[in-house]
Amino acid sequence: MNHVRNFLSVYDFSADEIYDTLLRSAVLKEERRKSQSASLAGKKIGLIFEKSSTRTRVSFEVGIVELGGHPVFMSSRDLQLGRGEPVKDTAMVLSRYLDGVIIRTFGQERIETFARYFEKPVINGLTDLYHPAQILADIFTVYEIKRKPEAKHNGARALNDIIGDTLKKLKIVYFGDANNMANSWVSLQAMLGFELVLAMPEGFDIDGTVRNESEKRGGKFLISHDKISAAKNADVITTDVFISMGQDEEKEKIDKLRPFIIDGHTVENAKKDVIFLHCLPVHRNEEVAEDVFDRFSAVVFEEAENRLHVQKAIMEKIF
Ligand code: CP
Ligand code: NVA
């Protein structure tokens, strides 16, 4: 057993640590244009990816380099892990070479097993259950757009309160599959306390473990099968692909989800200053209408950029 810090879900941070991370992300974003922090100087950080990635891989690798560390990318296809070497053995060996790892894998139990035997910190770069680095980048993007001007003129502690106040008042609506992004919104809601509605078809539900973890922390969310009433007065609307990596392309599942597309009529029912988020990659005209995506594409690509800044802040805390 080891006692190092991990970031396997947002529950590994306190609410204050989430706010600190958002504040630090803003500083790192600003600093990137001028000087750069060397907070990971000399650290060798592994990236073990068992699934494809564009944003997560590149933003973590670039973030490590920008903080003065050295990334070591490993696709599971190139590791003995891909030929059946146990996760436990892989973790015990790699902890002798590396100072930390970022892992993208399938079941949450796989990353938890790795973290148990790896004697250094582990960050979740997406599992079937959660995508915590993405969700902090998403809420950072929301905060950047929705924050009040006075947020710039207070001390750090007061700023945490202001961030909390800004975020707690929001209504966030997620449309689509009950997947790792839906689960990540549920976990973040339990930590920060905004209003969360999940609009999904009858028969779709949040994973039992995710629900229990949220309930234990006093989290509350509503599942709605009515897309338009769910969208009413929303400050943020968001969705994700209907079929996630590792899932079979079931036509029946896509047909059930199709009515939950975010289209112009959905947006009209939200607040006038609503923003749309998408973690990407997007399937235009499947989970979101192309014209809606185009209208909000500046926000979505800012959200993608924010992965870099937020993950640098997470790595500073964890590594
Ligand atoms: N949003 C996201 O995690 O993208 P990638 O799959 O490209 O890493
Ligand atoms: N739910 C998607 C997210 C991709 C970033 C998946 O797991 O494939």
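Positions are given from 1 along the sequence.
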Any side-chain heavy-atom pair from [X] and [Y] closer than 4.5 angstrom?
X	Y	answer
Glu287	His278	yes
Asn212	Glu215	yes
Ile223	His225	yes

| query | Can you name the one residue among Glu305, Glu61, Glu66 that meets salt bridge (Lys or Arg N to Asp or Glu O under 4.0 Å) with Lys312? | reply |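 So, applying the salt bridge (Lys or Arg N to Asp or Glu O under 4.0 Å) to Lys312 and each of Glu305, Glu61, Glu66, only Glu66 qualifies.
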Side-chain donor or acceptor of [X] paired with backbone N/O of [Y] under 3.5 Å:
X	Y	value
Glu290	Arg284	no
Lys227	Ile261	yes
Ser187	Ser184	yes
Thr238	Leu277	yes
Asp12	Leu8	yes
Asn6	Val122	yes
Lys120	Ser95	yes
Gln247	Ser244	yes
Ser214	Val210	no
Asp235	Lys171	yes

Work out which heavy atom in [X] is nearest to a heavy atom in [Y]; give both atom names and the distance.
X	Y	result
Ala289	Asp263	CB-CA, 4.0 Å
Thr239	Phe175	OG1-O, 2.7 Å
Phe7	Leu136	CZ-CD1, 3.8 Å

Tell me whether [X] shares a hydrophobic cluster with [Y], the cluster being built from Ile, Leu, Val, Met, Phe, Trp, Tyr side chains joined at under 4.5 Å.
X	Y	result
Leu280	Phe49	no
Leu22	Leu67	yes
Tyr130	Ile318	yes
Leu23	Ile314	yes

| said: For the CG atom on Asp226, are there more than 12 heavy atoms of other groups (residues, nucleotides or ligands in this structure) within a distance under 6.0 Å? | reply: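 Yes, CG of Asp226 has more than 12 neighbouring heavy atoms, counting only those of other groups under 6.0 Å.
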| query | Does atom NZ of Lys220 have more than 12 heavy-atom neighbours, drawn from other residues, nucleotides or ligands, at distances under 6.0 Å? | reply |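 No - once you tally the heavy atoms of other residues, nucleotides and ligands closer than 6.0 Å, there are 12 at most.
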| Phe276 six-ring centre to Arg295 NZ/CZ under 6.0 Å and within 45° of normal |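 So Arg295 doesn't make the cation-pi contact.
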| Cation over ring, Lys51 on Phe106, under 6.0 Å and within 45°? |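 Yes, Lys51 and Phe106 form such a contact.
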Any ion pair linking [Y] and [X] (charged N to carboxylate O, less than 4.0 Å)?
X	Y	answer
Asp177	Lys253	yes
Lys216	Glu213	yes
Lys29	Glu302	yes

Using only heavy-atom distances, determine whether the side chains of [X] and [Y] contain a donor-acceptor pair under 3.5 Å.
X	Y	value
Tyr174	Asn179	yes
Thr56	Arg307	yes
Asn180	Asp128	no

| said: Before you tell me yes or no, could you show the steps for Arg24 and Asp20 under salt bridge (charged side-chain N to carboxylate O under 4.0 Å, His left out), namely the whole-Å CA-CA distance, both residues' side-chain angles and the distance that decides it to 0.1 Å? | reply: CA-CA 6 Å; Arg24 181 67 183 147; Asp20 284 343; over 6 Å; no
